[in-house]
Amino acid sequence: MADLPTWKTINHACLVFTPGNTVEYLTGDWRSMRPERTDEKCVKCGECWMYCPDAAIYIDENGYYAVDYDYCKGCGICAKECPHGAIVMVEECE
Amino acid sequence: MAKRVGIEVSIAVSDAVTLCDVDVVAAYPITPQTHIVEHLSESVANGDLDAEYIRVESEHSAMSCCIGSSAAGARTFTATASQGLALMSEMLYIASGMRLPIVMTLATRTLSAPLTIWGDQSDVMSVRDCGWIVIFAENGQEAFDMTVQSFKIAEDERVLLPLMLCIDGFNLSHVIEPIEIMDREEVSSFLPPHNAKYRLDPHNVLTMGAFTMPEYFMEIKKQQDEALKDSYKVIREVWNDWGKRFGRTYTPLQTYLTDDADIILLIAGAFAGTARIAIDRLREKGIRAGLASLKLWRPFPNEDILRELGGAKVVTVIDRALSVGGGGGPIANEVRAAFYHRDKRPDIVSYVAGLSGRDVMSEHFEEMMEKSLEYSQKKEIPPYEMYGVRE
């Protein structure tokens, strides 16, 4: 904590002057279950993308909806909503 | 030119707010504060005051609106009392933590139950640690003057804190007094337009009140604590400046005959006026009595307390609030704490009196002070006493 700001140097009232800086905070490590997609079952409908409350799903180079594990908190909504059962939640093991 | 008029104190406060040219008033009516916001709505309606008047559904919403408007850089005012303050209390901490210079008049009133509408200071004491500057006015002129001063103090870049100006409900809010009302030129020469250093602005973005992790929170709180303590200097500066301009100078402890006093009575708010009569009567009886009227509650004027009360043998502190189950009056306990590490300290006698509009007359003050002297002579100081309670 020694390199963190002191009460004198910290921003007045903890104001944040850099917009959108929450991307620097990787919330993926909160996760205890991770969503995994099976390409064979995915029809690229995009429902997981629409339902994800953390905007942690993006379209990869093959047009599939992929999970951004830096920000996915493992809530499981995508797995629940997927109409084709293409997403399953598996335990984080590391 | 200032004009001396007979006017209800609530209306004078409302006129002061109009003269300060506030941008936003968000308020919900509650006795005994209602006349202030009622009159302000008239001032907005008839064009005397060019402001947004937001009628809200509760005091929680009133303070929430004030936080939003102050964050956007608007000069913001509200008023409340009692249960209204209690309902706001969640948002009071947000306003001070975000360092927003909102000014609020509190027409102090008892917290129920039992249901009561009368005055004491239990409401303000219930939010003692909310991080606002808290000032007590003693009479109508002070209520007017201090309203104008409040914006200057709160908005000062060295302060940037919300300010609560307490006027005793009914005993002050509903009485008609001769008050010198300044004119627009006088007020605007004293109070510059509010130019918020930090404000919500789509062209210059910032985030207020963001989520904070444990490794940052304590530094932020320390910064806030230091800012509130440091506001003392600005408060004194503004009060002295007012004195130079208009001839009425305020101090954290306004003293009366304390220089040679053996016993000093300390009280906050309108009852100090009545207590003055008791001091004169005690002096006639040959008792060297004095009075200290507490104007500044937060930041707590520790040094003034030690300096002004330290020479007396006995200090009688009267609280119009009770720390239920905690041992007396909140002001008395802080005064005791201030003196604890001093070798030479007065005996401090704590009375809780005048709860919920119970009248405290000059002879009652006399009796409390004479009893305080007896306690001191017998060296039997009770922890506190509720004055006048039927046994």
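Proteins get letters first, then strands, A, B, ... in listed order; numbering begins at 1 in each.
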Looking at [X], I want to see if its [atom1] is surrounded by more than 12 non-hydrogen atoms of other residues, nucleotides or ligands under 6.0 Å.
{"X": "Arg307(B)", "atom1": "CZ", "value": "yes"}
{"X": "Trp49(A)", "atom1": "CH2", "value": "no"}
{"X": "Glu52(B)", "atom1": "CD", "value": "no"}
{"X": "Lys44(A)", "atom1": "NZ", "value": "yes"}

Least distance between heavy atoms, Ala13(A) atom then Ile220(B) atom |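 Here Ala13(A) and Ile220(B) meet closest at C-CD1, 4.3 Å.
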Pairwise distance OG1(Thr6(A)) to CD(Gln223(B)) - rounded to 0.5 angstrom |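 Reported to 0.5 Å precision, the distance equals 9.0 Å.
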From Leu4(A) atom CG to Tyr216(B) atom OH, the distance as rounded to the nearest 0.5 Å =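 If I round to the nearest 0.5 Å, the distance is 4.5 Å.
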Under 4.5 Å from any heavy atom of chain A - which part of Glu215(B) =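 Both parts, backbone and side chain.
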Donor-acceptor pairs are to be reported for all side-chain atoms of residues 194-211 of chain B against protein atoms at under 3.5 Å, with residues two or more places apart or in another chain.
from	atom 1	to	atom 2	distance (Å)
Asn195(B)	OD1	Arg199(B)	NH2	3.1
Asp201(B)	OD1	His203(B)	N	2.9

Please flag which part of Asn11(A) lies under 4.5 Å from any non-hydrogen atom of chain B: side chain, backbone, both or neither.
->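 For Asn11(A), backbone heavy atoms alone lie under 4.5 Å from chain B.
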